[in-house]
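This report refers to the structure that appears directly beneath it.
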Amino acid sequence: MAPPKINEYERKRLENIRRNNEMMAALKVQSKATALSNHSKIVTKSYTVKLEKKPKIETPIVIRRSLRTRGIPPDSKGLDLDATSDSNTSTHNSPNKVENIVQNLGPISMKDVYKGVDGSDRSFIETLVGMSNKEFSEEKLNGSVKKMKTECSLDLESLYLDPENIARVLPGRITQVRFCPSKDVNRIAAGNKFGDIGFWNVGESEFFLYHPHEAPISGILFQQHCLSKIYTSCYDGLIRLMDAEKEIFDMVYNGSDNACIYALSQPKNDANCLYFSEGKGGLAVFDNRTGKCSSHWDLHEARINTIDFNPQSSHIVATSSSDGTACTWDLRCIGGPKQSALRTFAHKRSVQSAYFSPTGCSLATTSLDNTVRIYNGVNLEDETSVYHFNQTGRWLSTFRAIWGWDNSHLFIGNMNRGVDIVSTVQKATVKTLESPHMSAIPCRFEAHPYNVGMLAGATSGGQIYVWTSS
DNA sequence: AGGTCAATTACGTAG
DNA sequence: CTACGTCCATTGACCT
């Protein structure tokens, strides 16, 4: 007998959960059976780091404290570097000493936070620097992108997970995964909850792991015109710029109020501005030329999870927020005293992502209300809602439906170690990518910006699966 | 309205 | 193979 007070939505939700549990149970039995029948043990590539004896009792959470708020002069020179690297390697780091961890608020040398086993990231840095010198023909790139977006005809059936393209790139839960935006190289950068950034050339067995941050990575941004420069944002409230030429993780932005940074983005046509979400519903614009924030708006009632620019009109952005809405904004009119969104897309729970399609004419949102919604039409007024179970729980990064290489399909992980493909035309999940080689749930995805059919999925155990189209 | 608390969940590693 | 520890998210229930 159902309690009388329960509303219809709740009832439906519980029903869904129960149904899902049943399904999961069934599938678990199935997967166990296949695991048993599969005698050959799958060995995948994995990162290796120097075995650092970690103190038995570790600080569960390192709260970021700016030097200023702790009454220490901001530039206490040199010591910071040592203090930070020591805090990572120290074997006698007693819990009471936690307060003594001083976050380095200046540039960090890449060498000092490199966590490779052989101590040599020389070749990697040289590759990065080499790429930065390559001349990019902007016209050519744009041309090919446009062509791809409209003419992409990817055969979903051809998507394949080569065991060679699986690797444990990082330890721990991956929060961000990005492809290097180059046609010639299939390089992945991934960030995890510890503040590590790992690099992997798909298919190879080498990894380059750095520890430039002290909390979950919330953004990784390759510079299109200079591939040796990569911005990183973090819950520790910092934005850094990895510069392979200078061999540092430079300090770019340091919020004064210890606010977490949850998202990082940049318009295609303006490399001087960084847009990031900060604290409870804030969106800020950092200007490289002045080294300061040029704007700061309170757009949402809760944290902003993603910031996405419309590919066609770079003054239009979409935000998704834990306040249960996604919004579109016109940056040209956002400055008024009362912020008003172009449109507000209401969900019943926290919204984890809102992304424009490659042509910019559709918007896809993913919410913890167990829907993926697609908005079409000139004003995005046509809503399509597709059921998708999005309760990842606390150990997994939340699901976010991403666009493939055209406007026709979305890719999103599911709780059964698969990748659901949602057709925006059929308004339904039309296919699920599965493989016995996927031993964990892929949560965060990225489609290669130039290589159609190359899709990276990252897990909460540090693995990355790269599907390709053969 | 806003703070606090408990429950939730999957994965790698140690045994 | 099993048991254990994880712990920066979200939500509802319950309290001021």
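So you know, we letter chains A, B, ... as the sequences are listed, proteins then strands, and number each from 1.
- Residues Val285(A) and Leu274(A) have side chains not in contact (no heavy-atom distance under 4.5 Å, counting atoms from C-beta outward).
- For Ser460(A), no side-chain nitrogen or oxygen approaches OP1 or OP2 of dA10(B) to under 4.0 Å.
- With sequence neighbours left out, Glu383(A) forms a side chain to side chain contact (heavy atoms under 4.5 Å, CB included) with Arg373(A), Tyr375(A), Ser385(A).
- Listed by chain and number, the residues in a salt bridge (Lys or Arg N to Asp or Glu O under 4.0 Å) with Asp196(A) are Lys115(A) (sequence neighbours excluded).
- Taking 4.0 angstrom as the limit, Arg303(A) places a side-chain polar atom (N or O) nearer than this to OP1 or OP2 of dT10(C).
- In this entry the distance linking CG of Leu396(A) with P of dC7(C) reads 14 Å, nearest Å.
- Residue Thr392(A) is classed as having no contact, given no heavy-atom separation below 4.0 Å to the nucleic acid.
- Within the 4.0 Å cut-off from OP1 or OP2 of dC11(B), at least one side-chain nitrogen or oxygen of Arg417(A) is found.
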request  = Determine, step by step, whether Ile316(A) and Leu342(A) satisfy the side chain to side chain contact (heavy atoms under 4.5 Å, CB included) criterion, reporting the C-alpha distance in whole Å, the side-chain angles of both residues, the deciding distance to 0.1 Å, and the verdict.
outcome  = CA-CA 9 Å; Ile316(A) 304 290; Leu342(A) 287 175; 3.7 Å; yes
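- The separation between Asn414(A) atom CG and dT9(B) atom C1' is 15 Å, rounded to whole Å.
- Residue Glu301(A) is out of contact with every strand shown, counting any heavy-atom pair closer than 4.0 Å.
- For the pair Lys280(A) and Arg168(A), both in contact range of DNA chain B, the more 5′-proximal nearest nucleotide belongs to Lys280(A).
- Distance CZ (Arg400(A)) to P (dT10(C)): 10 Å, rounded to an integer number of Å.
- dT8(B) atom C1' lies 14 Å from atom CG of Asn370(A), rounded to whole Å.
- Taking atom CD of residue Gln352(A) and atom P of nucleotide dA9(C), one finds them 10 Å apart after rounding to whole Å.
- Closest approach to the Cys260(A) side chain among dT10(C), dG12(B), dC8(C) is made by dC8(C) (side chain taken as heavy atoms from C-beta onward).
- The CD1 atom of Ile174(A) sits 17 Å away from the P atom of dA9(C) (whole-angstrom rounding).
- Sequence order on DNA chain C of the closest nucleotides to Lys193(A) and Ser322(A) puts Lys193(A) first from the 5' end.
- Residue Asn370(A) is tested with Gln391(A), Arg349(A), His347(A) for a side chain to side chain donor-acceptor pair (under 3.5 Å); the sole match is Gln391(A).
- Rounded to a whole Å, the CD1 atom of Ile441(A) is 9 Å from the C1' atom of dC11(B).
- OP1 and OP2 of dG12(B) both lie 4.0 Å or more from every side-chain N or O belonging to Tyr47(A).
- For Phe194(A), the listed nucleotide lying nearest its side chain is dC7(C); candidates were dG12(B), dT9(B), dC7(C).
- In this pair, Trp395(A) lays its aromatic ring flat on the base of dT6(C), centres within 5.5 Å and planes under 30 degrees apart.
- Regarding Met438(A), its CE atom lies at a distance of 15 Å from the C1' atom of dA10(B), rounded to whole Å.
- For Arg349(A) and dG12(C), the shortest distance from a side-chain N or O to OP1 or OP2 is below 4.0 Å.
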